[in-house]
Amino acid sequence: MPKSRIRKKADYTPPPAKQATAVKLNSRAWVAPVMLAMFVIGLAWIVVFYVTDGSLPVDQLGNWNIVVGFGFIAAGFGVSTQWK
């Protein structure tokens, strides 16, 4: 009986090593300070309103001072979307 042919397999060559690429984040330096400032201003606005029994920061706004404080906090969250 004839012998079957033996196929020569190519030697395993590992794929070429990938070069580590530097990742540029392009983070905007102004985003974090502005975001934190908005959070602190909003929190301070609400705390001052409650501590002074509604006479400060703006007496004419009344309970709308709470909305202004939360508006600053919401603006801080809006600014945070710019962070890369």
Side-chain angles (χ1 to χ4, degrees):
M1 184 178 264
K3 275 188 159 182
S4 62
R5 293 187 193 172
I6 299 174
R7 287 185 276 161
K8 181 170 173 129
K9 292 183 180 181
D11 292 334
Y12 174 75
T13 55
K18 294 183 179 181
Q19 296 290 336
T21 57
V23 177
K24 290 187 177 183
L25 294 178
N26 293 337
S27 181
R28 299 174 182 134
W30 60 270
V31 173
V34 170
M35 174 183 65
L36 292 175
M38 296 290 237
F39 290 156
V40 169
I41 290 170
L43 180 64
W45 193 290
I46 294 170
V47 168
V48 167
F49 174 72
Y50 277 116
V51 169
T52 61
D53 290 329
S55 63
L56 287 177
V58 180
D59 189 27
Q60 290 82 13
L61 290 179
N63 287 336
W64 283 97
N65 279 305
I66 298 170
V67 175
V68 172
F70 278 115
F72 275 112
I73 294 171
F77 280 113
V79 169
S80 72
T81 63
Q82 299 299 314
W83 198 355
K84 289 184 181 182

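In this text, all values refer to a predicted model and were calculated from it rather than measured experimentally.
Linking Ile, Leu, Val, Met, Phe, Trp and Tyr residues whenever their side-chain heavy atoms come within less than 4.5 Å places Val68 and Phe77 in a single cluster.
Atom-to-atom distance recorded for Met35:CE and Trp83:CH2 is 4.5 Å, nearest 0.5 angstrom. Considering CE of Met38 and CG of Leu43, their distance stands at 14.0 Å, rounded to 0.5 Å. Within the model, atoms OH of Tyr50 and CD1 of Ile66 stand 3.5 Å from one another, a figure rounded to the nearest 0.5 Å. A distance of 12.0 Å separates CD1 in Ile73 from CH2 in Trp45, rounded to the nearest 0.5 Å. Atom CG of Leu36 and atom CD1 of Ile41 lie 11.0 Å apart (nearest 0.5 Å).
When side chains are defined from C-beta on, Asn63 counts as touching Phe49, because their heavy atoms get closer than 4.5 Å.
Remark: side-chain polar atoms of Asn65 are paired, donor with acceptor, to backbone N or O of Val58 under 3.5 angstrom.
Checked against a 6.0 Å centroid threshold, the rings of Phe72 and Phe39 do not count as neighbours.
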